[in-house]
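One is the number of the first residue; the rest follow in order along the sequence.
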Amino acid sequence: MPRRRLLQLGSALFSAGALGAAALATAAVAKPPLLLAQTPRGGLEGLDLSRYLVSEKFDGVRAYWTGDRLLSRQGLALAAPASVLERLPLQQPLDGELWMGRGRFEACSAALQRSQPREEEWLQIQYLLFELPGGAGPFSRRVVQLREIATAVDTPMLRVVPQEQVGSLAELRQRLQAVLRAGGEGLMLHEADAPYISGRHEALLKLKAHDDEAAVVIAHLPGQGRLSGLLGALRVRNAAGQEFNLGSGFSEAQRRAPPPLGSTVSYRYRGLTGSGLPRFATFLRVQDL
């Protein structure tokens, strides 16, 4: 099917909700300077674990506190109740995750996307801090500074993510399995001596049961057979410029109103094919924020 026809089909499949998501995406301003994790190259065996501090990877929404407002990873201003914002330290940038608890990503994301925030929802959200933007010295020192800030602010919402060393690869794997069994998402490894940096960097590594990355939707492919009239697959392009299809992982509602063209989605995969493409790539969620 010609590319123009695919794009026309994508437009026809938009629902009011999908168009709303597209409008939300266009409201983004400059993205905050965040450090982004990558998966370990060459596996875990080659890592010098003595260089890293290890923490749980929380399944929430990344949030950057500028000192007077909360921004999402995409640069969207998050509408939080005044009672929440006034608890955060003025003129002190912070980086962390807005989190409602294990397995509650969808509820947290929905709460953060409301134009009129609900205080009863925000009372369930914690701001888990794991970086001090612009902080001097190594990461281990910035963690100490974060604890000092959280102690001074003294609000239940603000919590510094525990950062610990592990003594061996076996211990690291045991900890990962314990987190996964408890319903967690995985682990993060941050180089203890790393200065404050932004962008995707090997100073921050993520360990999960499955690999996952982000990609931009470039086309909607029509379904066939039982999926006739619905979305069959998303054609996406990842950060490496690779294009491929995501055909599984969608609910029926998502097939009726698929993620808009130009939106960013997360996909899960298991390693790479011989040609370097994600193997068994499956749709995970839309990155609205």
Side-chain angles (χ1 to χ4, degrees), residues 10 17-18 20-41 57-64 71-76 78 95-99 105-106 108-110 112-113 130-131 184-190 197-221 231 233-251 254-255 257-273 275-289:
L24 179 64
T26 61
V29 293
K31 297 180 181 180
L34 304 178
L35 173 60
L36 304 177
Q38 61 185 41
T39 54
R41 296 178 180 176
K57 185 182 189 305
F58 293 96
D59 189 19
V61 175
R62 187 79 174 266
Y64 183 93
L71 298 180
S72 75
R73 175 175 168 174
Q74 301 300 325
L76 297 169
L78 302 175
D95 185 9
E97 198 94 353
L98 292 170
W99 187 68
F105 171 83
E106 300 298 338
C108 184
S109 179
L112 300 183
Q113 291 185 64
F130 46 65
E131 185 56 283
E185 194 175 49
L187 297 178
M188 304 296 294
L189 282 70
H190 198 143
I197 51 179
S198 60
R200 195 168 298 279
H201 198 280
E202 60 186 6
L204 183 64
L205 303 175
K206 57 184 177 182
L207 302 181
K208 301 179 65 174
H210 302 276
D211 298 319
D212 66 81
E213 294 291 346
V216 175
V217 178
I218 58 175
H220 294 149
L221 307 182
L231 174 75
L234 293 179
R235 185 72 177 172
V236 299
R237 182 185 297 117
N238 64 16
Q242 298 169 312
E243 296 185 7
F244 51 93
N245 297 342
L246 297 178
S248 60
F250 303 100
S251 66
Q254 288 167 331
R255 290 192 183 277
L261 300 179
S263 65
T264 301
V265 299
S266 296
Y267 63 92
R268 177 174 289 169
Y269 63 103
R270 298 180 184 177
L272 302 175
T273 66
S275 59
L277 290 174
R279 186 189 303 274
F280 306 124
T282 302
F283 172 80
L284 191 57
R285 63 170 68 103
V286 179
Q287 293 188 357
D288 291 321
L289 302 172

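- Contact of the P33 side chain with the Y64 side chain is registered, since non-hydrogen atoms from C-beta on lie closer than 4.5 Å.
- For the pair P258 and L231, the tightest heavy-atom approach, listed with the atom from each and the gap, is CB-CD2, 3.7 Å.
- Residue L246 comes nearest to T282 through the heavy atom pair CD2-N, 4.1 Å, listed as atom of the first residue, atom of the second, then distance.
- Across every non-hydrogen atom of S248 and A281, the tightest pair is OG-O, 4.2 Å.
- When side chains are defined from C-beta on, L207 counts as touching P40, because their heavy atoms get closer than 4.5 Å.
- A distance of 12.5 Å separates NZ in K31 from CG in L71, rounded to the nearest 0.5 Å.
- Contact check for V236 versus E243: no side-chain heavy atoms found under the 4.5 Å cut-off.
- Scored by the side chain to side chain donor-acceptor pair (under 3.5 Å) test, Q242 finds N238 as partners (sequence neighbours excluded).
- You'll find the ring centres of F250 and F283 inside the 6.0 Å limit.
- By the side chain to side chain contact (heavy atoms under 4.5 Å, CB included) test, A203 pairs with E191, A194, I197, H201, sequence neighbours left out.
- Under the 4.5 Å side-chain criterion, counting only non-hydrogen atoms from C-beta, E97 is not in contact with K57.
- Listed for the H220 side chain is no donor-acceptor partner under 3.5 Å among the backbone atoms of R235.
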Self-check item: Working for side chain to side chain contact (heavy atoms under 4.5 Å, CB included), residues N245 and L234
Solution: CA-CA 5 Å; N245 297 342; L234 293 179; over 6 Å; no
- Message: side chain to side chain contact (heavy atoms under 4.5 Å, CB included) for L261 and V216? Distances and angles first, verdict last.
- Response: CA-CA 8 Å; L261 300 179; V216 175; over 6 Å; no
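- Of the inter-residue distances, the one linking T264 atom OG1 with Q287 atom CD reads 6.0 Å to the nearest 0.5 angstrom.
- Put simply, the side chain of E185 reaches to within 4.5 Å of the side chain of K208, judged on heavy atoms.
- The minimum heavy-atom distance linking F105 with G60 is given by the pair CE1-O, 3.4 Å.
- Looking only at side-chain heavy atoms (C-beta outward), V217 and P260 stay at 4.5 Å or farther from each other.
- Here the side chains of L204 and L189 are not in contact, with every heavy-atom distance at 4.5 Å or above.
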Pair Q38, K206 - check side chain to side chain donor-acceptor pair (under 3.5 Å), show working. CA-CA 6 Å; Q38 61 185 41; K206 57 184 177 182; over 6 Å; no
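- Smallest separation of non-hydrogen atoms from V61 and S109: CG2-CA, 4.3 Å.
- Annotation: the span from E213 atom CD to T39 atom OG1 amounts to 6.0 Å, rounded to 0.5 Å.
- Q254 pairs by the side chain to side chain donor-acceptor pair (under 3.5 Å) definition with S251, not counting sequence neighbours.
- Each salt bridge (Lys or Arg N to Asp or Glu O under 4.0 Å) pair with one or both residues in residues 276-287, not counting sequence neighbours, appears once here: D59-R285.
- The shortest side-chain heavy-atom distance between W99 and F58 falls under the 4.5 Å cut-off.
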Apply the test ring pair (Phe, Tyr, Trp, His ring centres under 6.0 Å) to residues F244 and Y267: give CA-CA distance (whole Å), side-chain angles for both, the deciding distance (0.1 Å), then the verdict.
CA-CA 11 Å; F244 51 93; Y267 63 92; 5.2 Å; yes
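- Annotation: side chain to side chain donor-acceptor pair (under 3.5 Å) contacts of S198 (sequence neighbours excluded): none.
- Minimum heavy-atom separation, P32 to R73: CD-O, 3.7 Å.
- R62 is linked by a side chain to side chain donor-acceptor pair (under 3.5 Å) to D95, counting only residues two or more places apart in sequence or in another chain.
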